[in-house]
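Here the structure is laid out as structure tokens; the discussion comes afterwards.
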Amino acid sequence: MDKNKNLPAFAIHTLGCKVNTYESDAMAGALRRAGFREVAFSEPADVYIINTCTVTNIADKKSRQMLHRARKQNPEALVVAAGCYVDAALQNPQMQAVLRDSAIDLLVPNRDKGRIAELIAERLFGGGESREQKGQGQDGLFVTELDGHTRAFVKVQDGCNQFCSYCIIPYVRGRILSRPVEDCVAEIRNLAQQGVREVVLTGIHLSSYGKDLLQHKTSGGTAGPEARKSDDIMNGGDAPLLQLIRAVQEIPELRRIRLGSLEPRLMSPEFVQALSAMEKVCPHFHLSLQSGCGETLRRMNRHYTPEEYRQSCETLRRYYDHPAITTDVIVGFPGETEEEFAESRRFAEEMGFYEMHVFKYSRRAGTRADRMEGQVPETVKEERSREMIRLSEEMSRSFRESFLGKEVEFLCEEEVEIGGETYGQGFTREYVRCLKKGRGFQKNELVRGAASEIFKEKAVYESLILR
Ligand code: SF4
């Protein structure tokens, strides 16, 4: 008898980063291919999967809460804890309680996400009683269908060797592991053939893409230029990340390529020049800053100075007319004085970001920053966060305003109804949201018009209105 026949419903809830989102899409695809039926998390399901996050103590708490919510929704369901929170618990004796949590039936660490359909089927249809899986090696995840989306996130790299002092990820996801170019291209080509027009190449530390592949090559006996220092960011005109982007750019159906978060040190003139020669690469770059104060960066164990960061932005602006540069900033890092915060704020303002994602420093047990003196009180973090968010909103508005009166093009994603009117909606290459009034817009159509005003919706989104 086919075990997959009449298999039950599953629901997935995802916490954390874009890589986790990609992995949830891939797990859902694997379960659907195995005959499972996907339902919303709020609906009754036979299997609940929480794709967890452990980046801060708060992320741990949210992961726990979702696991318990799933158990409550259906006490008979199979509740699966997958991902980083599980890896952290397996490695950290202080988190062993997670392994005994009665809300959880099955623990699936990151490396076993690629086998999730098999592991769940084993639990439901006989065999495995063990809560902990003992798989090895690469996760083997890939996404095969994305339900008519214009944009897809594709994970090309996992792991990190950087050891920022506030981050647990290198301990949880392990060292750099890059997917070979052919694998990534095959997955993206398949998605493009199904209608995806924009791909976001994503990784835990995308700037390290291919470093491990080169090391394998060199340890296999290839001498010469590939033999580089192990902690180098490979940022020349022949960087492996560029080789990957060149191959992705050859996919005919694909129109746009965006890059996930990058290190400022990657932006050498050779690298940026090579990028700017590829017309599908969008002029939208997320360069992680974290702080604009050199002292704070040093305590964070970030491997660049504000001056190097400034040079990276200048290089981008030399090769692109009007790039959208976005970033992440942490406020209230241990030891951050009023002066350090003011320096960070001044620097951010000087860089003229399009968007700044502001995070209040959140402690993570097991990291160096958690053991540092000078933890900043929550009320101070709150105040600094408000101030940075205000600055971010001002900078975003001024970036959007720079398009007013100009001809703008966006890639249409869908038609939306706002205030009784129908609009075509999509994003420019700089990732500015646009709306154009009218009907009959087609998904994946390029729409043009003159940007005439800025429209504020629900106090969150600001969009350009095109005439
Ligand atoms: S670069 Fe730093 S913050 Fe990012 S995953 Fe690596 S250690 Fe964490």
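In what follows, every heavy atom counts, from backbone to side chain, and hydrogens, waters and symmetry copies are set aside. For ligands, and for the atoms within them, numbers begin at 1 and follow the listed sequence.
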Regarding Ser288 and Arg302, do their side chains bring together a donor and an acceptor under 3.5 Å, going by distance alone?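 Per modelled atom types, Ser288 and Arg302 side chains form a pair under 3.5 Å.
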Pair Asp105 + Arg71, salt bridge at N-O below 4.0 Å: yes
Criterion ring pair (Phe, Tyr, Trp, His ring centres under 6.0 Å) on Tyr320 and Phe285, from CA distance to verdict: CA-CA 11 Å; Tyr320 289 92; Phe285 302 97; 5.2 Å; yes
For Glu349, which residues count as a side-chain hydrogen bond (donor to acceptor under 3.5 Å, both in side chains) partner, sequence neighbours excluded? Arg345
Which residues share a side-chain hydrogen bond (donor to acceptor under 3.5 Å, both in side chains) with Arg317, sequence neighbours left out: none
Pairs in or reaching into residues 325-336: which pass side-chain hydrogen bond (donor to acceptor under 3.5 Å, both in side chains), with residues at least two apart or in two chains? His286-Thr326, His286-Asp328, Tyr309-Thr327, Asp328-His357, Glu336-Arg384
Within less than 4.0 angstrom of ligand 1, does Arg173 place any heavy atom? no
If you leave out waters, which protein N, O or S atoms are less than 2.8 Å from atom 8 (Fe) of ligand 1?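 Result, waters dropped: Cys167 SG.
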